[in-house]
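Lettering of chains follows the sequences in order, A, B, ..., and the numbering in each one begins at 1.
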There are 4 protein chains.
Amino acid sequence: MTENAPRPAAPARRPGGRTARTRAQVHDAVVAQLMEHGYDELTVDAVAARAGVHRTTVYRRWRDVGGLLADVLDAAGDDTWGPRDTGSLEGDLAALNDEVQAALTAEPPITLALIAASFRSDEAAQALKRFWGKRYTLCEEVVDRAVRRGELPAGTDARALLVAATAPMYHQLVFLRAVPDPGLPGQAARTAALAAAAGAFTAAR
Amino acid sequence: MTENAPRPAAPARRPGGRTARTRAQVHDAVVAQLMEHGYDELTVDAVAARAGVHRTTVYRRWRDVGGLLADVLDAAGDDTWGPRDTGSLEGDLAALNDEVQAALTAEPPITLALIAASFRSDEAAQALKRFWGKRYTLCEEVVDRAVRRGELPAGTDARALLVAATAPMYHQLVFLRAVPDPGLPGQAARTAALAAAAGAFTAAR
Amino acid sequence: MTENAPRPAAPARRPGGRTARTRAQVHDAVVAQLMEHGYDELTVDAVAARAGVHRTTVYRRWRDVGGLLADVLDAAGDDTWGPRDTGSLEGDLAALNDEVQAALTAEPPITLALIAASFRSDEAAQALKRFWGKRYTLCEEVVDRAVRRGELPAGTDARALLVAATAPMYHQLVFLRAVPDPGLPGQAARTAALAAAAGAFTAAR
Amino acid sequence: MTENAPRPAAPARRPGGRTARTRAQVHDAVVAQLMEHGYDELTVDAVAARAGVHRTTVYRRWRDVGGLLADVLDAAGDDTWGPRDTGSLEGDLAALNDEVQAALTAEPPITLALIAASFRSDEAAQALKRFWGKRYTLCEEVVDRAVRRGELPAGTDARALLVAATAPMYHQLVFLRAVPDPGLPGQAARTAALAAAAGAFTAAR
DNA sequence: AGGTAACCGAGACGGTACGTCACGTCTTCAC
DNA sequence: GTGAAGACGTGACGTACCGTCTCGGTTACCT
């Protein structure tokens, strides 16, 4: 979800011609606008102005705010993220949850803004779904490792386990708007690991 | 979250004078509009027209769409809802989850509309937070019963347990936009109950 | 078609409230814009800016450029114009034609602009038709006088005579874009008077 | 003003190469568009699409809509039209007026569309002036014949006579938007002939 | 026959204007 | 004098055409 790595150098002229340059400018503008003002002020006009591009150009290529977000989200999914390996299932899950908590409480709240956005644009919602689908698939590695280590029975439903571990984070921070609890990531990880070890995510289904 | 109980009869004249009548008309209009067209078309103009009240009146009393929603949500929290008693912790949790799944997949998706709304209006967000706070507090009864039955150790963190049980529902249906899985309510309930019985929600913290 | 009589005094606050004031401002702006830049630059945006009024206000009240023009034309028809009395039919017609020639060759060419406008907006076309209808009706006085003087037989078709007298002016100056010919008004008047005296506009039909 | 004469055969390759073929395609498209949708929808884009030619090509060769019209009008002037000979001045003029009335009331109103166009594009206006200049010059034959027949004195101003005869047609149908009057062509012809016979178009000037 | 200059297709872009919608404020007028 | 009705300012939306530009690929014509 991080994006704005300080672009390699040449901010004014990127390879690939005007079209590619325009796209990059708009991308950056979307992210910047989102970070500074949140989703509510993410208007096409503002993005266009910020990108130094004409309104109509944005409409032509991205159609609406949803299109802009989808583009950004898809680009965000193209990174090289992967789950850390701490040596134990609970540790891995806790590490994941720490990342989630960090993302959700970051300032400016870009992740929250994207979530909010997904409720207003079907296109953005689809993109977010794709993004999370990718992430959860990458995370299945965590479960595989645990199985290999013998911590979990084979046949464990990786996705269900991951959801059980991470869902409370989102629930508390996004739905319930609770103040961040530093113990929560660990607690949720422990709960899920414990249930998993007891076979809660096996077979049944 | 249910609302439209078949109003006692007299739709035209309620006790409390014009002010109260106006408020009720607007209330009804908000809910009706929300159900028919979703949040995106919940505009002050539409509500006012539907309620047969002048735009200005709505602005005066509710200020904006957020105010309208907050009012409706607070009213929705004034009902007599309570968790069912099935005789076992897992059963109680599963019953809760069934209700949640039903609410989230109902057509028209009024619950989803309210959640979406909460991302666009602080006032609605606060109201939703109040609403959920009330609900979770009522649900703590479920945990108390389990403790009394000896299913759970005393000192179990009721709120954490409830969140663990219900969060996966919201996560799958709202965040991940997954298709509803009829087995999920039961599975999530079982997982949480299992972890709770193992003491995952005790002491620690 | 004359308009910009130096408004009585108070340009800032007219009787009749904001609405009337707005209307007057827009009126003036339309005429000014038409005179300065012609019909092609008579855009809603420009008029609104010039009138110190917001775009949407203009759209609300006048719908489009045609509505603006119609309004102005109708206002222009409310003046106290009347044909001069020179003592003879030919003289009256020549005086009329002189006025026409003057209007069509005036600088800035506001009359031409209005004619041009009538080709682009049905509403303006209707207004122009109304305006000319009024004028021609007023001009029938000229024929009545000639009949009373015994210059013309009773039963002369006033409208046909007037058209025959004035049409060549418009044809030359508007359709054929000929350079103005100082003799034309008189010549056209003489031709029509001559034909009329010979009974060309009586009975027959 | 003629249009889709069944082109000689070879639709794929005309003499003169692609350039000439392109020009013909565009020509036809302009006329077709004008007839179907009138001037207001005569856009470069529509013409290009209709002609199966790229927008850019049209801009390169014709610059704008005015250029397209000028081209078409000039082509329309290259036909073999000539006034009919009915044997009398009044008859000739009436025949002319009948043609005018027919053209102005034809459906689709292509002539009116061209007139309207001339008010919006200087280039089209010049072309229309050329077109009418040609026509009126051809019509002077009518006057010559009348002189030869002894109906008119020599030295009659042919152009002025013709204008006097035809102008009322345009005035009624184009300016005043009156409903077509079947008697008008004859009446206008008679009036002009009468005045001419009385010497209204001689010498003076 | 081959090379070159003119022409064309393709598509993005900046730009102006359109007409609409909803918001929230402010003014007027009638009660 | 107050409050409902309605006009207004404001900002954004999404669209249509305009006219320009840059490519790259044909085509026509001329040597």
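Remark: A:Ile110 CD1 to A:Leu34 CG distance equals 5.0 Å, nearest 0.5 Å.
Of all non-hydrogen atoms in D:Leu68 and D:Trp62, the two that sit nearest each other are CD2-CG, 3.6 Å.
Evaluation of the salt bridge (Lys or Arg N to Asp or Glu O under 4.0 Å) rule for A:Arg130 yields A:Asp74 as partners, not counting sequence neighbours. The side chain to side chain contact (heavy atoms under 4.5 Å, CB included) search around C:Val65 returns C:Tyr39, C:Leu42, C:Val44, C:Leu69, not counting sequence neighbours.
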Side-chain donor/acceptor pairs under 3.5 Å, residues 113-122 of chain B, sequence neighbours excluded:
unit_1: B:Ser118; atom_1: OG; unit_2: B:Ile115; atom_2: O; d: 2.6
unit_1: B:Arg120; atom_1: NH1; unit_2: B:Asp40; atom_2: OD1; d: 2.8
unit_1: B:Ser121; atom_1: OG; unit_2: B:Glu123; atom_2: N; d: 3.3
unit_1: B:Ser121; atom_1: OG; unit_2: B:Ala124; atom_2: N; d: 3.0

Just list the side-chain donor-acceptor pairs under 3.5 Å for residues 47-57 of chain C, sequence neighbours left out, or say none.
unit_1: C:Arg50; atom_1: NH1; unit_2: C:Gln33; atom_2: OE1; d: 2.7
unit_1: C:Arg50; atom_1: NH2; unit_2: C:Glu36; atom_2: OE1; d: 3.2
unit_1: C:Arg50; atom_1: NH2; unit_2: C:Glu36; atom_2: OE2; d: 2.4
unit_1: C:His54; atom_1: ND1; unit_2: C:Thr56; atom_2: N; d: 3.3
unit_1: C:His54; atom_1: ND1; unit_2: C:Thr56; atom_2: OG1; d: 2.9
unit_1: C:Arg55; atom_1: NH1; unit_2: C:Asp45; atom_2: OD1; d: 3.0

> According to the Watson-Crick and G-U wobble definition with distances under 3.5 Å, which dot-bracket string, read 5' to 3', encodes DNA chain E, using [ ] for crossing pairs and | for pairs with another strand?
Replying inline: |||||||||||||||||||||||||||||||
Grab the N/O contacts between the protein and nucleotides 20-24 of chain F below 3.5 Å, and write none if there aren't any.
unit_1: F:dT20; atom_1: O4; unit_2: D:Arg55; atom_2: NH2; d: 3.3

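Rounded to an integer number of Å, the gap from CD of B:Glu123 to P of E:dC23 is 15 Å. When the C1' atom of E:dG14 is taken as reference, atom CD of A:Gln25 falls 13 Å away, rounded to whole Å. Here E:dG11 presents its P atom at 18 Å from CZ of A:Arg23, a figure rounded to the nearest Å. As rounded to whole Å, 13 Å separates atom C1' of E:dA22 from atom CD of B:Gln33. For D:His54 and F:dT26, the NE2 to P distance is 16 Å, given to the nearest whole Å. In this structure, A:Asp64 atom CG and F:dG14 atom C1' are separated by 9 Å, rounded to whole Å.
Contacts classified as salt bridge (Lys or Arg N to Asp or Glu O under 4.0 Å) and involving residues 60-69 of chain C (residues at least two apart or in different chains) are not found.
Side-chain atoms of A:Arg61 lie closest to E:dC13 of the nucleotides E:dG19, E:dA10, E:dC13.
Across the interface with DNA chain E, nearest-nucleotide mapping of D:Gly52 and A:Trp62 shows D:Gly52 to be the residue nearer the 5′ end.
Within residues 40-50 of chain D, no residue has a heavy atom under 4.0 Å from DNA chain E.
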